[in-house]
Peer 1: 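Below is the structure I would like to discuss, written out as structure tokens.
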Amino acid sequence: MNGTGGFISDEHREILQSASGSEGPASSSKSPRSTQAHGKGSLVNHDRHSRSPIDGRPKKGGCGGKGTWGGLMDTDCSYPLDSKDPNYDSSEEECAHPNATKSAPDFDAYKKKATVIVEEYFATDDVLSATNELKELAMPSYNYYFVKKLVSMAMDRHDHEKEMAAVLLSALYADVIDAPQVYRGFSNLVESADDLIVDIPDTVDILALFIARAVVDDILPPAFLQKQRTLLPNDSKGVEVLERAEKGYLAAPMHAENIERRWRVSKKTVEDVKARINNLLTEYVASGDKKEAYRCIKDLKVPFFHHEIVKRALVMAMEKQNTEDKLLDLLKEAAEEGLINSSQITKGFSRMIDTVDDLSLDIPNAQKILKSLISKATSDGWLCASSLSSLSLEPRNKSLEENSTKTFKLKCQSIIQEYFLTGDISEVFSCLEAENKTSVSELNSIFVKRLITLAMDRKNREKEMASVLLSSLCFPADDVVNGFVMLIESADDTALDNPVVVEDLAMFLARAVVDEALAPQHLEEVGIQFSGTDSLGEKVLLMAKSLLKARLSGERILRCWGGGGGSSTSGWAVEDVKLKIAKLLEEYESGGDIREAYRCIKELGMPFFHHEVVKKALVMVMEKKNERLWGLLAHCFGSGLITMNQMTKGFSRVEECLDDLALDVPDARKQFPAYVEKAKTIGWLDSSFHYGSSTNGKENGACL
């Protein structure tokens with residue numbers, strides 16, 4: 001054996017190389033034996049080589065050639081991926097990219113964090129928190145994976161989680177996840193349908209519904225279906241998914257409404273939760289099993305509605321005094337273990353104090369019994385009595401104002417429902433003037449709350465109509481602020497029927513600012529009412545501010561519900577009408593015909609918005625010292641086109657923006673009182689109107 005040749009001779013080495021048809025490591029150009037074996041005149045110079053165009057030589061490390069298994073420790077992911085392979089994962093395409101090996105650790109970290117975000121979101125149902133966490137990852141190029149992961153995890157869960165996933169995708173679209181990333185995420189889902197069906201038998205139907213929902217929510221273009229179908233094999237499950245989405249869902253009549261409500265059928269309603277609370281308390285009284293009662297309370301998954309448990313337990317204890325000790329013991333241990341927090345305990349007792357007068361009709365000693373229950377809970381240390389309103393033993397006589405408020409609430413309901421059917425804003429104005437003749441602030445706030453509450457439970461058309469009506473009403477800003485405060489206070493209960501109540505309220509609040517129903521500083525007034533980072537009011541405020549700070553926020557918010565809310569005026573039409581009013585007044589002021597100006601005002605078809613005519617005309621009179629427009633107002637008032645109520649609103653709006661007007665017209669504060677007295681003299685304004693009566697500031701933004 002040749003000492004320089006290792007364990008085999010040179011002759012055997014040459015035979016082995018000839019048989020393998022390729023060069024091994026020993027035949028490297030650096031080897032001294034290479035020149036002898038393949039030099040001129042060598043017997044093996046013309047050995048056989050493969051005629052295949054594919055290079056079958058081994059890799060530099062001596063492994064991985066044509067027909068070989070590769071190196072023992074080879075972990076390189078540069079091998080070609082086959083989409084037909086049973087173990088194919090589209091996310092591995094990242095490794096196929098030349099630069100992917102450098103970013104592989106980042107992508108692995110992103111995948112782990114994305115999974116955690118999705119799991120936490122399903123546990124908390126907090127859209128804002130999930131949005132912020134995804135932003136903090138700061139890896140927008142990988143967001144397609146988040147889309148895929150969110151949908152694939154929701155597919156294997158209940159309808160509640162599927163609805164949550166659809167809501168989150170809609171909230172993230174454009175602001176956090178770009179359209180191409182959403183497109184790519186759904187594309188990967190369709191491609192992996194054959195793999196998903198192994199673990200989720202209903203993959204075709206569920207994924208098709210997710211795609212249809214994405215199209216309805218405008219986060220996925222309808223062309224996605226056709227384009228994706230051309231990229232898939234005809235026998236793949238992905239093709240079935242696309243066909244089911246197109247023919248089974250999107251082509252069906254009333255498809256948008258049916259798709260949006262598909263996963264909301266199983267959602268808990270307020271009445272359902274109340275019934276379950278009543279049942280669990282009844283069973284506990286009968287069996288005395290606290291563990292079972294606590295399990296039922298946890299299964300409700302409505303920690304924000306636990307005050308209802310407290311209230312119903314107290315009512316039951318007052319009706320059946322032999323159950324008092326047992327029910328108080330249940331509430332005590334629930335409070336001590338943190339199952340029912342202190343704020344929910346306090347809220348439950350406060351609700352009892354508010355309704356004790358009604359209970360007195362069925363339970364003669366209701367007030368005394370409730371006072372006794374409060375005393376026991378306080379002495380046991382699980383209730384803070386100082387946070388409760390005082391409970392008087394003297395029966396309270398309901399004032400006439402309370403009765404009128406209840407009547408107004410009922411009439412508000414019918415007014416708003418009729419408005420959603422007809423879109424007639426002028427009719428709403430007439431009804432409100434008849435019901436709230438003295439313009440009581442509390443009633444204005446109640447109307448704002450009722451309007452938005454009813455709109456949130458309906459489609460985008462009604463939401464748009466509600467925003468248009470709110471901007472047209474020109475309520476004082478404080479009344480609108482109080483209306484939103486009342487909405488946020490009742491949001492916990494609303495969340496049972498509307499899981500995206502925070503997002504809806506934030507959008508309505510931002511829209512009110514864009515429509516100039518509120519000024520930006522009024523957002524702080526809303527925020528002051530709700531302190532604490534975890535409060536629902538703080539979440540609404542932060543989301544509204546983020547919407548307003550976004551690029552092109554005004555245009556996007558105006559179109560948030562599609563515009564053209566089904567009424568004669570849309571969010572855009574209000575601005576158009578303002579421009580038309582300004583132009584017709586300018587034309588008349590420069591020498592136009594009074595009959596033509598009168599006709600143009602009448603053809604606007606917006607008698608509820610005539611205060612804008614009064615405001616702009618009065619401003620122009622004060623600016624140009626030309627009372628020609630004053631004559632136009634006199635003509636319109638005399639013919640009944642502009643009413644006293646619209647005159648009063650117009651003068652009030654000018655008064656509120658006098659600070660801005662004084663920058664252009666220095667003597668505006670001197671002129672305005674003179675015109676007020678003049679208007680009173682000729683009967684345009686009521687004698688009760690006086691300069692300085694408005695204290696609400698600029699409720700509708702700038703004067704001009």
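Note that the structure is predicted; figures quoted are calculated from it, not measured. Note: hydrogens, waters and symmetry copies are ignored here, and every other heavy atom, side chains too, is used.
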Peer 1: Evaluate the side-chain proximity of Phe508 to Leu487: yes if any heavy-atom separation is below 4.5 Å, no if none is.
Peer 2: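 A side-chain contact is absent here, since even the closest heavy-atom pair is not under 4.5 Å.
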Peer 1: side-chain contact (heavy atoms from CB on, under 4.5 Å) for Ser129 and Thr124? Distances and angles first, verdict last.
Peer 2: CA-CA 9 Å; Ser129 177; Thr124 63; 5.6 Å; no
Peer 1: To check you understand the geometry: which heavy-atom pair defines the closest contact between Gly185 and Lys148, and what is its length?
Peer 2: O-CB, 4.1 Å
Peer 1: For the pair Ser372 (side chain) and Lys368 (backbone), establish whether a donor and an acceptor sit closer than 3.5 Å, ignoring hydrogens and angles.
Peer 2: no
Peer 1: With a 3.5 Å distance limit and no angle check, can you tell me whether Glu161 reaches the backbone of Ala154 through a side-chain donor-acceptor pair?
Peer 2: no
Peer 1: Quick one, Leu328 and Trp382 - any side-chain contact, counting heavy atoms below 4.5 Å?
Peer 2: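 Sidechains of Trp382 and Leu328: in contact.
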Peer 1: What pairs with Glu260 under side-chain hydrogen bond (donor to acceptor under 3.5 Å, both in side chains), at least two apart in sequence or on another chain?
Peer 2: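 With neighbours one apart ignored, the set is empty.
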Peer 1: Is Tyr249 close to His255 at the side-chain level, that is, under 4.5 Å between some pair of heavy atoms?
Peer 2: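 No, too far: nothing below the 4.5 Å cut-off.
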Peer 1: Please say whether more than 12 non-hydrogen atoms of neighbouring residues, nucleotides or ligands are located less than 6.0 Å from NZ in Lys326.
Peer 2: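 Above 12, so yes.
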Peer 1: Sequence neighbours left out, what passes side-chain hydrogen bond (donor to acceptor under 3.5 Å, both in side chains) with Asp156? Give chain and number order.
Peer 2: none
Peer 1: Who pairs with Glu336 by side-chain hydrogen bond (donor to acceptor under 3.5 Å, both in side chains), at least two apart in sequence or on another chain?
Peer 2: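 side-chain hydrogen bond (donor to acceptor under 3.5 Å, both in side chains) list for Glu336, sorted by chain: empty.
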Peer 1: Please name the pair of heavy atoms, one in Met318 and one in Ala366, separated by the smallest distance, quoted to 0.1 Å.
Peer 2: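 Heavy atoms only, the tightest pair is CE-O, 3.2 Å.
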Peer 1: How long is the span from the CZ atom in Arg511 to the OG atom in Ser471, to the nearest 0.5 Å?
Peer 2: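 Spacing of CZ (Arg511) from OG (Ser471) equals 7.0 Å.
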Peer 1: If you round to the nearest 0.5 Å, how far is SG of Cys560 from CG of Leu547?
Peer 2: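 Leu547 CG to Cys560 SG: 8.5 Å, rounded to 0.5 Å.
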Peer 1: Any idea which heavy atoms bring Arg450 and Ile416 closest together, and the distance?
Peer 2: C-CD1, 3.8 Å
Peer 1: Would you say Lys545 has more than 12 foreign heavy atoms packed within less than 6.0 Å of its NZ?
Peer 2: yes
Peer 1: Got a sec, which residues hit salt bridge (charged side-chain N to carboxylate O under 4.0 Å, His left out) with Asp205, two or more places apart in sequence or on another chain?
Peer 2: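 Arg244, Arg262.
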Peer 1: Any non-hydrogen side-chain atom of Leu432 less than 4.5 Å from a side-chain atom of Leu473?
Peer 2: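 Touching, per the 4.5 Å side-chain cut-off.
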Peer 1: Salt bridge check: are Glu308 and Arg276 linked by an N-O gap of less than 4.0 Å?
Peer 2: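 Salt bridge absent between Glu308 and Arg276.
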Peer 1: Mind checking whether Met456 and Leu505 have side chains closer than 4.5 Å, heavy atoms only?
Peer 2: yes
Peer 1: Decide yes or no for Lys298 and Leu339: does some side-chain heavy atom of the first lie under 4.5 Å from some side-chain heavy atom of the second?
Peer 2: yes
Peer 1: Any salt bridge linking Glu464 with Arg458? Criterion: basic side-chain nitrogen under 4.0 Å from a carboxylate oxygen.
Peer 2: no
Peer 1: Could you tell me how the ring of Phe447 sits relative to the ring of Phe408: parallel (under 30°), tilted (30 to 60°) or perpendicular (over 60°)?
Peer 2: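 Tilted.
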Peer 1: So does Met465 get a backbone contact from the side chain of Tyr419, meaning a donor-acceptor N/O pair under 3.5 Å?
Peer 2: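 The answer is yes, because a donor-acceptor pair under 3.5 Å joins these two groups.
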Peer 1: Under 4.0 Å between a Lys/Arg side-chain N and an Asp/Glu carboxylate O for Lys376 and Asp380?
Peer 2: no
Peer 1: Between atom CZ of Phe305 and atom NZ of Lys347, what is the distance when rounded to the nearest 0.5 Å?
Peer 2: 9.0 Å
Peer 1: Might you work through the side-chain contact (heavy atoms from CB on, under 4.5 Å) test for Val182 and Tyr144, ending with a clear yes or no?
Peer 2: CA-CA 6 Å; Val182 174; Tyr144 71 90; over 6 Å; no
Peer 1: Closest heavy-atom contact between Ala466 and Phe420?
Peer 2: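 Scanning both residues completely, I find the closest heavy atoms to be N-CE2, 4.4 Å.
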Peer 1: Check whether more than 12 heavy atoms from other residues, nucleotides or ligands sit under 6.0 Å from atom CG of Asn258, and answer yes or no.
Peer 2: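 It does: Asn258 CG has more than 12 such atoms within range.
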Peer 1: Applying side-chain contact (heavy atoms from CB on, under 4.5 Å), name anything that partners Ile206, two or more places apart in sequence or on another chain.
Peer 2: Met155, Lys162, Ile200, Asp202, Phe210
Peer 1: One pair to check against salt bridge (charged side-chain N to carboxylate O under 4.0 Å, His left out): Asp217 and Arg213. What are the steps and the verdict?
Peer 2: CA-CA 6 Å; Asp217 288 343; Arg213 176 65 178 268; 2.9 Å; yes
Peer 1: Whether the side chain of Ser170 engages the backbone of Ala166 through a donor-acceptor N/O pair (distance < 3.5 Å, no angle test) should be reported.
Peer 2: no
Peer 1: Hey, could you give me the CG/OG distance between Leu542 and Ser546, rounded to the nearest 0.5 Å?
Peer 2: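 Rounded to the nearest 0.5 Å, the CG-OG separation comes out at 7.5 Å.
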Peer 1: On a heavy-atom basis, which atom in Leu548 and which in Ala510 lie closest, and how many Å separate them?
Peer 2: CD2-O, 3.8 Å
Peer 1: Which residue in the set Ile117, Leu128, Asp126 passes side-chain contact (heavy atoms from CB on, under 4.5 Å) when paired with Glu133?
Peer 2: Ile117
Peer 1: Looking only at atom types and distance, does a side-chain atom of Asp329 sit under 3.5 Å from a main-chain N or O of Asp325, one as donor and one as acceptor?
Peer 2: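 Not confirmed, Asp329 side chain does not pair with Asp325 backbone.
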Peer 1: Would Ile452 and Phe484 count as a side-chain contact (heavy atoms from CB on, under 4.5 Å) here? Give the steps.
Peer 2: CA-CA 9 Å; Ile452 296 177; Phe484 275 102; 3.6 Å; yes
Peer 1: With rounding to the nearest 0.5 Å, note down the distance linking CD1 in Ile259 to CG in Leu209.
Peer 2: 6.5 Å
Peer 1: Decide yes or no on side-chain contact (heavy atoms from CB on, under 4.5 Å) for Val448 and Met486, but give the supporting numbers first.
Peer 2: CA-CA 9 Å; Val448 172; Met486 293 164 64; over 6 Å; no
Peer 1: Closest heavy-atom contact between Val480 and Ala517?
Peer 2: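 That closest heavy-atom pairing would be CG2-O, 4.4 Å.
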Peer 1: Would you indicate whether the side-chain heavy atoms of Asp479 and Leu443 approach each other to under 4.5 Å?
Peer 2: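 No, every pair of side-chain atoms sits at 4.5 Å or beyond.
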Peer 1: Decide, yes or no, whether a salt bridge links Glu462 with Lys459 under the criterion of side-chain N to carboxylate O below 4.0 Å.
Peer 2: no
Peer 1: Tyr173: what forms a ring-ring contact (aromatic ring centres under 6.0 Å, His included) with it, not counting sequence neighbours?
Peer 2: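 Counting only residues at least two positions away or on another chain, Tyr173 forms no ring-ring contact (aromatic ring centres under 6.0 Å, His included).
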Peer 1: More than 12 non-hydrogen atoms from neighbouring residues, nucleotides or ligands closer than 6.0 Å to NZ on Lys290, yes or no?
Peer 2: yes
Peer 1: In the structure I gave you, are the side-chain heavy atoms of Val147 and Leu172 within less than 4.5 Å of one another anywhere?
Peer 2: no
Peer 1: In Å and rounded to the nearest 0.5 Å, what is the OG1 to CZ distance from Thr346 to Arg351?
Peer 2: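 If I round to the nearest 0.5 Å, the distance is 13.5 Å.
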